[in-house]
Amino acid sequence: MALNRKIAYIELTTGDIETKPIPVKVRNMFLGGRGLDMYLMYNHIKPGVDPLGSDNVAFVSAGVLGGTLASASARTHIGGKSPLTGFVGSANMGGFFAPELRWAGFDHLVIKGKAENPVYLWIQNNEIEIRDAKHIWGKTVHETQEIIREELGDRDIKILTIGPAGENLVRFANVMTGIKDAAGRSGMGALLGSKNLKAIAVRGTMDIKLERPEEALQYNKKVIEQITSAKVSQTQGKLGTPFIWGATNTQGLVRVNNFQLNQLEDADEVEAEAIDKVAVGMAGCFGCQVHCRSKYVIPEGDYAGVYDEGPEYTSQGAWAAEPGCRSLNNILVCNHLVNIYGLDTLETGSLISWVMELYEKGILTDEDTGGLDLRFGNEEAVIEMIHRIAKREGLGDILAEGPLRAAEKIGKDSIKYLVHVKGMSNLHSDERPTPGLALGIATASRGSDHLRSRPAIDLYHLPKQVLRNIYSQPVPYDGPVTSDYRDYEGKAWQVFWQETCYEAVDCLGICKFHTVFLGASLPSFEEWSKLLYYNTGLELSPLDIWTIAERAYNMERLFNIREGLTREDDWLVDRYFDEPTSVGIPGVRGKTIDRDKLKNMIDEYYEHHGWDEQGVPRLETLQRLGIENEPSHIL
Amino acid sequence: MGISINIHPNLRHLTNEQDVVQVNGNTVGQCLEQLVDQFPGVKSGLFAKDGTLLDYVTVYVNDESAYPEELARSVHDSDELYIVMMIAGG
């Protein structure tokens, strides 16, 4: 059956491995994926541990629908205490790893201790072996996967790995799988690197027995039709996530030259259509019909002829808007470099653009940069900085420590120009004209982030009744809704709702692009309830799934509070309040976030959660969710 | 009566800041043509060179998406159209 996959506890210091079943009671509390990982994190990570010390614990998991007939049930979750923020570390990637892990008999890996020498895990049909990885230490993400497949003699092995950045403990290093699928936020690659764990290879041939296979097949076909018939899915399948660049840049909703402008002029080569011209096709993840990932060959320069995949919208921002660059080739090269080094494209691009602003303001000198001319638009300097960060050389070594530690080392008011929340850099989006999106990044549990709670459809201008239909299910809501993204009212509920929605899909293991993140007609709690029932036999109503997601999010909040988070951490840097947007369409020009209104939104957001005015879950909230006695150490 | 077109905030600087524009027509396409007649600047914000709606633009008729018919979708007196821009991703 679909629920008989196990948890494996792997102690790298001693080599001990233990496996346990996952009780249905725990499934009903947390499902799997990110949700169950949060339970495990709160139970297995002792308060105050060094995120790069052997006491931190790494968690790798599939969602409860992973590898079933549910559409795009491909997501792998990686968790642990973040080396970047010191709070919840949590990142999620597509590809093919999670289904293979389930077919090999496991849903969750709990990885403790530290190997004496570099190792990788080889998992095959209920067996786990710790193998020497000295020969692949230092290899890139792409090389590592090739070498492991070669030595194990099976091209169908799926691998997650860190690159040199993770080995070098760059605090925003990724865990990667395939060519470009990245668990790319909060430094989970550094966590694996700190354990001398280079990679996990998995091959499984153990079928997942679906509870009601015929109904699962029929219902999933219906859901696929629901997804593929939406215009937004079809556009994504044609152009990938870059399709939104043209609109957001035209409006003035992107950060340019770090945070000094909000629109990149003369940027034709950054457009999705320009990327499409060099694309050689589109790729997709397991069980997905959308195929939103471009495949490309770098057309010119030092890397001409090199194959890679992407770039995503995030990389258009990281390698064009933020550092003020404009060539397509630069975007493709930078995207390739962060993929092979295993770096968070978003964090890396944001930090490089930050030091470019510091350089132009005279806070950093040629001596500080090792002679590198870090003026905005210098594409060669941007590429060189990626190498230096991954290898921890010179200024790159300072940036590899992440935003707050780097600002402390650089000093001299450098922190004034940093764009972060909780010590994690923001996407290249500019939220000054969009209060709902600003609230989302201010409160997201893993730091500034667009995939934790962003009410992206707030930008759409959907009819109010459509919004009300979305936001009043599965829990009733009769408060305000507004179709105008510039409004403040009703946005606290939107953020709370989307946050719970994204937590739910991360427990299920399906892709956010197949949800109301992207479109009003895409699947939501009602569909997930049926998918769960037909595929796994779990009888959970839409409201039950909502409650599970709420429970898991409260575990994240408890984890963060235990690590010292306070209300002050749910806030934006001063630039959002004090520096108005200067360009873009009239409706977004001259915008800042209003401090008092943001404070009120946060109060309301806490209230929706059942948290007190300091953002601490009230006892009755924890009791309602059945987690008042955590850590309970059931697993 | 006629048909109301609710203008996306990103296009209102092209409609003299009007958030609702009144038009007449039997299809979404005819209504948008009338909108462009009144405010020619909105054309490039709605249409691709081949005359179809841009990849990230769609229209809701009352509370329903007009896709896939889109421009051919029939409308009736007192219907409300919403210009929607699908600008989400990551």
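In what follows, chains carry the letters A, B, and so on, assigned in the order in which the sequence lines appear, proteins first and then strands, with residues in each chain numbered from 1.
There is no contact between B/L11 and chain A, counting heavy-atom distances below 4.5 Å. For a residue to count as touching a neighbouring chain, one of its non-hydrogen atoms must lie under 4.5 Å from one of that chain's; by this rule A/L427 does not touch chain B. When heavy atoms are compared at a cutoff of 4.5 Å, B/E80 does not approach chain A at all. With a 4.5 Å cut-off on non-hydrogen atoms, A/T250 does not touch chain B at all. With a threshold of 4.5 angstrom between heavy atoms, A/A272 does not approach chain B through any atom at all. Neither the backbone nor the side chain of A/R454 comes within contact range of chain B; no heavy atom of the residue lies under 4.5 Å from a heavy atom of that chain. Residue contact with chain B, scored on non-hydrogen atoms closer than 4.5 Å, involves the side chain of A/F513 exclusively. Contacts between A/Q234 and chain B at a heavy-atom distance below 4.5 Å involve the side chain alone, from C-beta outward. With a threshold of 4.5 angstrom between heavy atoms, B/P9 approaches chain A through its backbone and through its side chain. With a 4.5 Å cut-off on non-hydrogen atoms, B/L81 does not touch chain A at all.
Within residues 237-245 of chain A, the residues having any heavy atom closer than 4.5 Å to a heavy atom of chain B are A/K238, A/L239, A/T241, A/F243, A/I244, listed by residue number.
We find that A/R468 and B/D63 are not joined by a salt bridge, their nearest charged nitrogen and carboxylate oxygen being 4.0 Å or further apart.
More than 12 heavy atoms of other residues, nucleotides or ligands sit less than 6.0 Å from atom CD of A/Q465.
Of the listed residues B/D55, B/V57, B/D19, the one with more heavy-atom pairs under 4.5 angstrom with chain A than any other is B/D55. Across A/L451, A/L346, A/V466, A/L253, the residue that shares the most heavy-atom pairs under 4.5 angstrom with chain B is A/V466.
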